[in-house]
Amino acid sequence: MPDFDLADLTEFLRIPSISTLPDHASDCRRAASWLMDRFKRVGCPVVRLLEGDGHPVVWAESPRVEGRPTVLCYGHYDVQPVDPLDEWISPPFEPAVRDGKLYARGAVDDKGQVFTLLKAYESVLDSHGKPPLNVHFIIEGEEECGGQVIFDLLRDQPERTMVDAVLVADMGYYAPGIPAVYTGLRGICYAEIHLRTLQRDLHSGTYGGVAPNAIETMVRLLADLKTRSGRIAIPRLYKSVIPPTKTERKAWKRLPFKKRQFLEEEVTGRALTGLKGFSVLERTWALPTFELHGIRGGFTGEGAKTVIPAQAVAKVSLRLVPGHSYAKAGKLLTRAVKKAAPSYADVEVKLLHGGDPVLCDVTHPAFQVLDQAFKSVVGRTPVPVRAGGSIPVVPSLQQGGAPVLLTGIGLPDDGLHSPNEKVNLQQISDGIQVFGRFFKVFSGRS
Ligand SMILES: [Zn+2]
């Protein structure tokens, strides 16, 4: 039996708060209300629903303790869609425990972690319901759907981030038994390239040999943007890259990493591609990428149609690393595409969405407190790692100048965003103790 209130967590997980599906808007509100109720139950005198154009942010503040530091805790109550539904062993919104693991959508990303923060806070309250420090909670409902509510809120009210430390519990361990703290996240610049060579599709018999083909022009253009050795041929893209520090590189070398297993079990291909002379971790954490996600145009139906397509669309993205910005990368990409296009093609780059990369300086004393907390509960300090993915809200959380501690209790095999997402009950229970310990030790600092 777990040493925390499992029924309480399963109640939260039962709410299908899928933020990207309009049909679930009222469920997102239910998840927000559930949280508000819990913050009230643990005695937070300030509990608010902060509205914007989308799903609301839940804000809560502990009773004010003068002369003590303030920690802002971030998490999200929304979840990813559940398809393919038939691959779930138990239904995604009927939490089920099997073999010490709790299976449900949101079990680890991120409701389980929000629950961990809440219970950690509860565990440090004294007999009068007073915490040893000030804790503020900012729990959003649009992390999985790219909404604007929290961005608008923090742009208009940056003072909410003027605290002594920000604790983001939306990440995971490097490996079982090895907790992690994240020193960097990649950003993203997602775009569509629209290309036209003719006013209309043409017959490939009558005009083949003279008419410019939009798909051929598109694939040549795309091939021009990346060399065969994996180097992105967008001028000035590598120039501003801030390379990992010596300390980071050293720490990465010490991480247990099995290339063959990574290739066979995770990548599931026959070879790893990409820039030579850089480790896999450096390629996935500290270097930019240029990926092609899809090409549309011409004829792709059953059978044959001899057409010379007049237009083509490609969906592409750049993953950005520290030193880059989304705005600048969008300009560099646009310029490179225009330059690579032949004069007979009309080409347009539409930027769909993006986020800046993140660099966290883990030398701030708050990180020593986190080290200590993990050490005392799980027996080892977190390893410094980076993540190849993005959490676009982090730069907004950094604007108050406080250190942002990116950490969490997930495990690599938790299957977030996939069918049969789970969390190990032991991880939740350890997490409650780790964050509780963090609150206690941090309260002695200001
Ligand atoms: Zn998440």
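Remember, it's 1-based here, ligands and their atoms both numbered in the order they're listed. Owing to the predicted nature of the structure, the values given are computational and were not obtained by experimental measurement. Reckoned from all heavy atoms, side chains included, excluding hydrogens, waters and symmetry mates.
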Enumerate donor-acceptor pairs with a distance under 3.5 Å from any side-chain N or O in residues 382-390 to protein atoms, sequence neighbours excluded.
{"unit_1": "Arg386", "atom_1": "NE", "unit_2": "Glu248", "atom_2": "OE2", "d": "3.0"}
{"unit_1": "Arg386", "atom_1": "NH2", "unit_2": "Glu248", "atom_2": "OE1", "d": "3.1"}
{"unit_1": "Ser390", "atom_1": "OG", "unit_2": "Arg186", "atom_2": "O", "d": "2.8"}
{"unit_1": "Ser390", "atom_1": "OG", "unit_2": "Arg319", "atom_2": "NH1", "d": "2.9"}

Show me, pair by pair, the donor-acceptor contacts under 3.5 angstrom made by side chains of residues 320-331, not counting sequence neighbours?
{"unit_1": "His324", "atom_1": "ND1", "unit_2": "Val321", "atom_2": "N", "d": "3.0"}
{"unit_1": "His324", "atom_1": "ND1", "unit_2": "Val321", "atom_2": "O", "d": "3.4"}
{"unit_1": "His324", "atom_1": "NE2", "unit_2": "Leu237", "atom_2": "O", "d": "2.7"}
{"unit_1": "Ser325", "atom_1": "OG", "unit_2": "Lys328", "atom_2": "N", "d": "3.1"}

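No donor-acceptor contact under 3.5 angstrom links the side chains of Asn420 and Lys422, judged on distance only. At a cut-off of 3.5 Å, with distance as the only test, a side-chain donor of Ser317 or His293 sits close to an acceptor on the other residue.
Residues satisfying the side chain to side chain donor-acceptor pair (under 3.5 Å) criterion with Asp430, sequence neighbours excluded, are Gln426.
Within the protein, the N, O or S atoms sitting under 2.8 Å from the Zn ion (ligand 1) are His76 NE2, Asp109 OD1, Asp170 OD1, Asp170 OD2.
When each of Phe374, Tyr182, Phe367 is checked for a side-chain contact (heavy atoms from CB on, under 4.5 Å) with Thr407, only Phe374 meets the rule.
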